[in-house]
Amino acid sequence: MAAPWVEIRRVADFENREVTIKGWLFNKRSSGKIHFLQLRDGTGFIQGVMVKQAVPEEVFELAKTLWLEASLEVTGVVRADERAPSGFELTVTGLRPIQNPSEEYPIGKKDHGIDFLMDHRHLWLRSRGQHAVMRVRDQVIWSARSFLRDRGFLLVDSPILTGAVGEGASGLFDLDYFDTGKAFLAQTGQLYAEAAAAAYGKVYCFGPTFRAEKSKTRRHLTEFWMIEPEVAFYDHHDNMKLQEDLVSAIVRDVLENCVPQLTILERDLEPLRKVVAPFYHISYDEAVDKLRSLGSDIQHGEDFGNDDETLLTQQYDKPLFVECYPKKVKAFYMKEHPDRSDLVLCDDLLAPEGYGEIIGGSQREDDLDRLLTRIREQGLPEESYSWYLDLRRYGSFVHSGFGMGVERVVAWICGLQHIREAIPWPRTIYRIHP
RNA sequence: UCCUCGAUAGCUCAAUGGCAGAGCGGGUGGCUGUUAACCACUAGGUUCCAGGUUCGAGUCCUGGUCGAGGAGCCA
């Protein structure tokens, strides 16, 4: 007798049958003798139509008392209807409230300010746009993982609590670690991934990373997720090819599976359809010349500013590799350029449409003496890197890797104005709640 | 850390130094196809805090708190 519980995403398989939907009421309209109940169950959205004559009087009256975001079991018959955005609606036959709120839902139908929305992030996640972003984020992560798995990569996760420093001494969160002194939240898993690459060849780590920099921009979080592949016997060029293949695979998968979500987000699909290998390449030196010809006052030897990066990416319709930056603006572990001792074999991959850096990668310095020299030049604590230096003592090897910022990729693909919407619980300099 | 802007009804925002307003949300009533439904009526205010100028301050000045946008740094 009981109608089967069906997920909204599956209702097409139940046309003209009575089903039960378990979910929440995200909007309600009424025309006197018809209630329109907008339902959400996490798998989709559907409209329930309750006609006064078709249900018992008390059920029709009960529907009037529902507040937004009431949790419900709704029974009804699935009908194809071209007036419904999803193609289907539910002709309601029964209604059982699970919990009906006793006060108004804070998030209304009209616009809210970002401060209010961030304070209500736990409720904001219920909204349609945030559903879309989280689905795309999920797709991006699954695409990356399956891409790497298909290519024989081994997932070797790195620690979050570390004793050694990562890329530099600034921007580290520290905490007391028993009697041994300070521990630090990892800024990167890369050094551990290098050790894993020496053990297993093709590896990656994927996890949250932490930067205590007081950055206050639309592209920074203090906690963000990074996918970091590291490959033994890959050089600088192999490394860029891998990045190009990974990013194009992710975009291809999103376009295959997430067009409804991108449509909700009003994302223009044309720029994404152009994201097909090969991407563009430009050297750091060429990039500086180009920027100067476009009016930037950047000097050779400086790192790019935010405006520079935006200006540069606006010149291209696909992702752009910028290669071989000056050694002095990059991390100690990057391999010195064989012909130019002032440069390193590295690349930044810049997303188009002004989004900028989504990947930073490099060939790693595999020579023990050069690596030691750079650690000392940068004033880093040599003893913290002793285990890392062992990788150059015992079977050193050409190897390369990169870090891809998940939230930056999601923000770019979704066309978001700010990276904070690309992660469920953003952590920024002035916000750690909820 | 620096620069800029902002804070008024539950929310989003108006208001020449001169009566505190609208839309949404809430309440009451109406409507058999609504899509941020619509229509009528209605309730709702310590204008962020502390001082100051003025006959009179939401508005001007000083200090503070909180937030946003941007810079630097980076993924």
Side-chain angles (χ1 to χ4, degrees), chain A residues 26-38 45-54 60 64 67-69 79 81-86 89 91 101-120 123-124 127-129 166-168 170-171 187-190 206 208-228 243 302-310 325 329-331 347-351 355-361 402-412 417-420 422-423 428-431:
Chain A
F26 79 88
N27 199 4
K28 182 175 76 163
R29 285 181 286 273
S30 175
S31 289
K33 298 197 174 56
I34 299 184
H35 294 311
F36 298 96
L37 307 176
Q38 310 297 323
F45 299 83
I46 195 168
Q47 172 167 270
V49 181
M50 183 188 286
V51 178
K52 186 177 170 75
Q53 291 174 338
F60 195 80
K64 285 185 186 171
W67 291 66
L68 293 191
E69 290 300 317
R79 307 277 191 209
D81 192 315
E82 60 189 20
R83 288 170 294 194
S86 66
E89 60 181 31
T91 301
S102 55
E103 54 195 303
E104 67 181 273
Y105 185 62
I107 297 188
K109 298 175 209 170
K110 288 236 174 176
D111 291 341
H112 293 284
I114 189 62
D115 187 36
F116 180 84
L117 288 172
M118 293 298 289
D119 283 342
H120 295 81
L123 302 177
W124 186 22
S127 71
R128 211 163 192 147
E167 306 203 329
S170 70
Q187 282 186 318
T188 168
Q190 182 205 311
F206 174 49
T209 52
F210 305 87
R211 308 272 166 103
E213 289 150 1
K214 294 191 172 180
S215 302
K216 192 178 177 324
T217 80
R218 66 182 57 192
R219 335 179 359 172
H220 286 87
L221 297 166
T222 56
E223 177 180 310
F224 65 97
W225 288 67
M226 190 153 61
I227 293 175
E228 296 179 275
Q243 294 164 42
E302 289 178 356
D303 208 346
F304 300 127
N306 218 330
D307 290 344
D308 293 321
E309 222 175 79
T310 301
Y325 283 68
V329 301
K330 287 293 180 181
D347 69 273
D348 281 358
L349 181 60
L350 310 184
Y355 276 90
E357 185 175 3
I358 54 174
I359 284 178
F402 61 91
M404 184 180 80
V406 167
E407 290 76 18
R408 286 192 177 176
V409 171
V410 173
W412 160 52
Q417 286 298 307
H418 199 296
I419 194 173
R420 64 189 156 212
I423 186 168
T428 56
I429 176 169
Y430 295 126
R431 191 176 291 278

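Here is how names work: the chains are called A, B, and so on, in the same order as the sequence lines, proteins then strands, and each is numbered from 1.
Inter-residue side-chain proximity for A:Arg420 and A:Ile114 is flagged as met; some heavy-atom pair is nearer than 4.5 Å. Between A:Arg29 and A:Gln47 there is a side-chain heavy-atom pair separated by less than 4.5 Å. Residues A:His220 and A:Arg408 meet the side-chain proximity criterion, which asks for heavy atoms closer than 4.5 Å.
At least one side-chain nitrogen or oxygen of A:Arg420 sits closer than 4.0 Å to the OP1 or OP2 atom of B:G69.
Within the nucleic acid shown, A:Asp348 has no heavy atom closer than 4.0 Å to any nucleic acid atom. When heavy atoms are screened at a 4.0 angstrom cut-off, A:His418 is found touching the sugar-phosphate backbone but no base atom. Counting non-hydrogen atoms under 4.0 angstrom, A:Gly356 reaches nothing in the nucleic acid. Here A:Thr209 lies out of heavy-atom contact (under 4.0 Å) with every strand. At the heavy-atom level, A:Glu103 lies nowhere under 4.0 Å from the strands shown.
Near RNA chain B, meaning a heavy atom under 4.0 Å from it, residues 402-410 of chain A has A:Gly403, A:Arg408 in order of number.
One atom, CD1 of A:Ile107, and another, C1' of B:U12, lie 14 Å apart when rounded to the nearest Å. Atom CD1 of A:Ile34 and atom C1' of B:C31 are 10 Å apart (whole Å). Rounded to whole Å, atom P of B:C74 lies 12 Å from atom CZ of A:Phe304. The distance between atom CG of A:Leu117 and atom P of B:G10, rounded to the nearest whole Å, is 17 Å. Distance CG (A:Asp119) to P (B:C48): 18 Å, rounded to an integer number of Å. A:Asp303 has its CG atom 14 Å from the C1' atom of B:A71, to the nearest Å. Here B:G25 presents its P atom at 15 Å from CZ of A:Phe26, a figure rounded to the nearest Å. Atom pair A:Glu309:CD and B:C73:P shows a separation of 11 Å (rounding to whole Å applied).
The side chain of A:Arg211 has B:C74 as its nearest neighbour among B:C74, B:G25, B:U32. Counting only heavy atoms from C-beta on, A:His112 has its side chain closest to B:U12 among B:U12, B:U34, B:A75. Checked against B:C74, B:G33, B:A75, the side chain of A:Arg219 finds its nearest nucleotide in B:C74. Picking from B:A71, B:A75, B:C31 the nucleotide with the shortest atom distance to the side chain of A:Asp307 gives B:A71. If you check B:A71, B:U12, B:A36 against the side chain of A:Arg29, the one that comes closest is B:A36. Across B:A68, B:U34, B:A71, the shortest atom-to-atom separation from the side chain of A:Asn306 is found for B:A71. Candidate nucleotides B:A75, B:C73, B:U32 were compared by shortest atom distance to the side chain of A:Thr217, and B:C73 ranks first. Candidate nucleotides B:C73, B:A68, B:G33 were compared by shortest atom distance to the side chain of A:Phe36, and B:G33 ranks first.
Ring geometry for A:Phe45 against A:Phe26 counts as perpendicular: the plane angle is over 60°, on a 0 to 90° scale with 30° as the lower cut.
Between the side chain of A:Glu89 and the base of B:G33, a donor-acceptor pair under 3.5 Å is found. Side-chain atoms of A:His220 come within donor-acceptor range of the base of B:C74, with a qualifying N/O pair under 3.5 Å. A donor-acceptor contact under 3.5 Å links the side chain of A:Lys216 to the base of B:G69.
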query: Reading RNA chain B 5' to 3', how would its secondary structure be written in dot-bracket notation, given Watson-Crick and G-U pairs with both distances under 3.5 Å, brackets [ ] for crossing pairs and | for partners on other strands?
result: (((((((..((((....[..)))).(((((.......))))).....(((((..]....))))))))))))....
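In terms of position along RNA chain B, the nucleotide closest to A:Pro106 lies nearer the 5' end than the nucleotide closest to the other residue of the pair A:Pro106 and A:Arg431.
By the side chain to side chain contact (heavy atoms under 4.5 Å, CB included) test, A:Arg79 pairs with A:Asn16, A:Val77, A:Thr91, sequence neighbours left out.
For an aromatic pair to be called close, the ring centres must be under 6.0 Å apart, and A:Trp67 with A:Tyr105 fails this.
By the stacking rule of 5.5 Å between ring centres and under 30° between planes, A:Phe224 stacks on the base of B:A75.
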